[in-house]
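Report on one structure; see the data block that follows.
Here the structure is a predicted model, which is why all the values come from computation and not from measurement. All values below were derived from every heavy atom in this structure, side-chain atoms included, with hydrogens, water molecules and symmetry-related copies excluded. First the proteins, then the strands, lettered A, B, ... as listed; each starts at 1.
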Amino acid sequence: MVGTQSLRLDVEAFVGALIAESVRALADAAYAQPQDMTVGVSAGDLEDVERTRGGDSDAYRRLIERYQDYVAGILWRFSRDRRDHEELVQDVFVEAYLGLATYRRKAPFQHWLARIATRVGYRYWKERARRRKMEAFNLEQWDRATENDGILDALEPDHAATLLYNLFEQLPPRDRLVLTLRYLDQCDVAETAQRTGWTKTMVKVQTLRAKRRLQNLVQRTGTELIR
Amino acid sequence: MNWEQKIERLAVRARAERPPKVDVAQSVLEMLTAGQAEPLTVAERFWMWLAAASSAIAVPTAAIAFALYVRSAGPLSGIVEAISWATK
């Protein structure tokens with residue numbers, strides 16, 4: 001009897017996990033299509049999307065050429081390695097092509113691509129975090145760069161971007177994502193929710209946590225090596 | 001200046017950076033042609049989701065059926081054990 005009860009508990013736990021997984025899959029499916037943006041849809045984009053769906057590769061080439069710099073700009077926040085960066089941009093356009101049926105023409109094509117780019121970049125970070133492929137970062141760099149206003153304002157843009165990239169890299173990918181969108185892409189809660197597919201509440205909670213972790217990180221002084 | 005103001009100031013500098021130019025049109029089209037990838041049609045997506053939903057229902061149903069079977073088999077196995085002397 002005890003064995004049967006234990007089996008029933010196992011089954012209930014299994015069913016619970018399965019339902020949770022299904023809900024997550026459905027949420028991911030919803031993530032594939034923006035819901036509340038209806039302005040700024042370009043007629044040229046719509047025509048090229050329709051032609052691409054009809055098998056016209058030149059139309060897709062036009063879409064890529066129109067948006068590759070935009071997508072490259074987004075993904076430069078996710079990888080500062082030129083080879084990885086280019087591969088990520090390619091991945092975005094391959095995913096966009098394969099998921100073209102989910103683009104329902106309510107939102108600008110650009111916004112739809114931004115969501116895919118964010119998803120591709122986030123996946124890249126998670127993969128790197130899983131393999132623990134992180135650049136070594138020394139807090140001394142942070143201390144030196146932020147010592148005073150003069151040094152901060154004279155910092156070259158690429159040095160500033162690299163410093164922030166390396167600093168955020170010390171945090172879990174979720175924290176890194178909200179901080180990158182908040183500080184570098186200047187996304188508010190609604191925009192972050194659209195880009196990530198998370199709820200606004202989740203974005204707020206995640207941002208608070210990420211900021212707390214970031215604060216703990218930068219307030220360590222001296223030359224401690226973070227790995 | 002607190003830590004967040006420093007981050008904001010750095011971010012302002014970082015936003016002035018120009019990302020590297022890329023030209024991926026040709027390589028993407030080659031990848032798509034090589035893989036013979038086709039965008040999924042609405043019908044294909046429907047069948048895909050139907051298959052996923054069927055699997056999601058079938059697996060727990062099988063698990064529950066197994067649990068019920070084990071429970072219902074309990075008294076039966078008791079009876080079989082009780083008369084096992086007859087088979088010896």
Side-chain angles (χ1 to χ4, degrees), chain A residues 1 3-4 7-8 10-11 14-15 18-19 21-22 25 29 52-53 55 57 60-61 64-65 68-69 71-73 75-76 82 85-86 89-90 93-94 97-102 142 145-146 149 152-153 155-165 167 179 183-184 186 211 214-215 218-219, chain B residues 1-33 35 37-46 48-49 52-53 55-75 78:
Chain A
M1 201 60 189
T4 311
L7 182 67
R8 195 188 313 159
D10 284 350
V11 169
F14 176 71
V15 170
L18 211 71
I19 289 169
E21 194 56 43
S22 308
T52 304
R53 280 176 177 168
S57 61
Y60 199 55
R61 180 189 295 275
I64 295 173
E65 285 171 351
Q68 60 186 358
D69 287 341
V71 171
L75 287 167
W76 192 234
R82 281 176 182 257
H85 174 250
E86 191 166 327
V89 177
Q90 286 176 356
F93 284 105
V94 170
Y97 180 81
L98 296 175
L100 215 53
T102 65
W142 163 263
T146 59
D149 289 5
L152 240 173
D153 291 336
L155 215 58
E156 289 296 323
D158 62 326
H159 286 168
T162 304
L163 185 58
L164 280 180
Y165 183 89
L167 182 67
L179 293 173
Y183 291 112
L184 290 166
Q186 294 183 291
K211 282 170 94 169
L214 180 62
Q215 183 178 9
V218 297
Q219 283 179 345
Chain B
M1 197 162 39
N2 69 22
W3 69 271
E4 194 171 14
Q5 287 167 328
K6 287 178 182 176
I7 296 275
E8 297 272 11
R9 291 279 280 275
L10 269 177
V12 169
R13 298 295 302 149
R15 283 197 293 272
E17 187 192 25
R18 288 194 171 277
K21 288 269 177 196
V22 292
D23 186 4
V24 297
Q26 189 57 36
S27 55
V28 168
L29 291 175
E30 278 169 12
M31 282 166 79
L32 292 172
T33 312
E38 291 291 334
L40 290 177
T41 63
V42 174
E44 284 168 336
R45 293 187 71 81
F46 169 77
M48 191 182 78
W49 279 106
S55 307
I57 293 167
V59 173
T61 305
I64 291 164
F66 179 70
L68 290 175
Y69 167 75
V70 168
R71 198 203 286 178
S72 65

Can you check whether A:Trp76 reaches B:Arg18 side chain to side chain, under 4.5 Å on heavy atoms? no
Listed by chain and number, what are the ring pair (Phe, Tyr, Trp, His ring centres under 6.0 Å) partners of A:Tyr60, not counting sequence neighbours? A:Tyr97
Within the structure provided, determine whether B:Met31 and A:Phe93 are in side-chain contact (heavy-atom separation under 4.5 Å). no
Mind ranking A:Gln90, A:Gln68, A:Lys211 by heavy-atom pairs under 4.5 Å with chain B and telling me who comes out on top? A:Gln68
Toward chain B, the part of A:His85 with a non-hydrogen atom under 4.5 Å: side chain
What part of A:Leu184 lies closer than 4.5 angstrom to a heavy atom of chain B: side chain, backbone, both or neither? both
Under 4.5 Å from any heavy atom of chain B, what part of A:Arg61 do you find: side chain, backbone, both or neither? both
I'd like to verify something: which residue of B:Asn2, B:Val12, B:Asp23 has the highest number of heavy-atom pairs under 4.5 Å with chain A? B:Asp23
Would you say that A:Tyr183 contacts A:Leu164 through its side chain, given a criterion of any heavy-atom pair below 4.5 Å between the two side chains? no
Taking the side chain as every heavy atom from C-beta outward, state whether A:Leu214 and A:Leu167 have any atom pair closer than 4.5 Å. yes
